[in-house]
K.L.:
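Take a look at this one; I'll ask things after.
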Amino acid sequence: DAGVIQSPRHEVTEMGQEVTLRCKPISGHDYLFWYRQTMMRGLELLIYFNNNVPIDDSGMPEDRFSAKMPNASFSTLKIQPSEPRDSAVYFCASSPARLAGEQFFGPGTRLTVL
Amino acid sequence: SQQGEEDPQALSIQEGENATMNCSYKTSINNLQWYRQNSGRGLVHLILIRSNEREKHSGRLRVTLDTSKKSSSLLITASRAADTASYFCATGEGGSEKLVFGKGMKLTVNP
């Protein structure tokens, strides 16, 4: 398996633009997680899905952020409109297990909002 | 919200020495996991220890868990330059699929 795939790897955009980050989880994994990592706040869980259904979005910072999982092999995280404070590395991770099992992380998308 | 706190925040050692990292947490847990992150990369799972286990080994890694003190330690023996990375502890809490990660600690192994 290729592991968790994220695209793009780097994104530079201007304030106010829409940004869409993409993730393909490992086949057969029922759980998908979106994280944001910054120096100041560390690694924060934004939202996670189980069998394509959003379970907990309490970490989504505000309404500008939205996430979807239309099928078991694809998820998107959208920021609209983007702001400079959204600059961070965004990770997608998937897991096959219940009760907080091992998570497999993608390489991340480094987002810079100017 | 941060659950685990790694200590020290940074550690620099010579190749061949052992490295010990500590993690403290606040609430009851199902398990505790350690991850490694190389610069510019995603996190990689190293080891998982369940709440009813006290010690676990994997290659050069040894993890201990003391639930009475709400703490864990990760020991890397005979360190190598390739072990240079950031290390994170993460806790799985009762009834949840979520992991809560600490802020991480940076290990530098000098050749």
K.L.:
Give the minimum heavy-atom separation between Q103(A) and H45(B), together with the two atoms involved.
P.N.:
O-CB, 4.2 Å

K.L.:
Does any non-hydrogen side-chain atom of Q37(B) lie less than 4.5 Å from one of F91(A)?
P.N.:
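Touching, per the 4.5 Å side-chain cut-off.
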
K.L.:
Answer with side chain, backbone, both or neither: which region of Y35(A) has an atom nearer than 4.5 Å to a non-hydrogen atom of chain B?
P.N.:
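The side chain, not the backbone.
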
K.L.:
Heavy-atom count around D63(A) CG within 6.0 Å, excluding the residue itself: above 12?
P.N.:
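It does not: D63(A) CG has 12 such atoms or fewer within range.
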
K.L.:
So if I take each residue of residues 15-23 of chain A and look for any heavy atom under 4.5 Å from a heavy atom in chain B, which residues do I end up with?
P.N.:
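None at all.
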
K.L.:
Need one label for N50(A): side chain, backbone, both or neither, based on atoms under 4.5 Å from any heavy atom in chain B.
P.N.:
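It is neither, since no heavy atom gets under 4.5 Å.
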
K.L.:
Looking only at heavy atoms, which of residues 9-17 of chain B get nearer than 4.5 Å to chain A?
P.N.:
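Listed by number, there are no contacting residues, so the answer is none.
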
K.L.:
Looking at every non-hydrogen atom in both residues, tell me the closest pair between K98(B) and F33(A) and how far apart they are.
P.N.:
CA-CE2, 4.5 Å

K.L.:
Taking a hydrophobic cluster as the set of Ile, Leu, Val, Met, Phe, Trp and Tyr residues connected by side-chain heavy atoms closer than 4.5 Å, whether directly or through intermediates, do L77(A) and F105(A) fall within one such cluster?
P.N.:
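Unlinked, L77(A) and F105(A) end up in two clusters.
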
K.L.:
Please find the pair of heavy atoms, one from M40(A) and one from K103(B), that lie closest to each other, and give the distance.
P.N.:
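Scanning both residues, the minimum pair turns out to be O-NZ, 2.9 Å.
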
K.L.:
For E102(A) and L48(B), work out which heavy atoms get closest and say how close.
P.N.:
N-CD1, 4.3 Å

K.L.:
Are more than 12 heavy atoms, taken from residues, nucleotides or ligands other than K56(B), located less than 6.0 Å from that residue's NZ atom?
P.N.:
yes

K.L.:
Using the rule that two of Ile, Leu, Val, Met, Phe, Trp, Tyr join whenever any of their side-chain heavy atoms come within less than 4.5 Å, decide whether F104(A) and M69(A) are in one cluster.
P.N.:
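In one cluster: no.
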
K.L.:
Select one option (side chain, backbone, both, neither) describing which atoms of Q6(A) are under 4.5 Å from chain B's heavy atoms.
P.N.:
neither

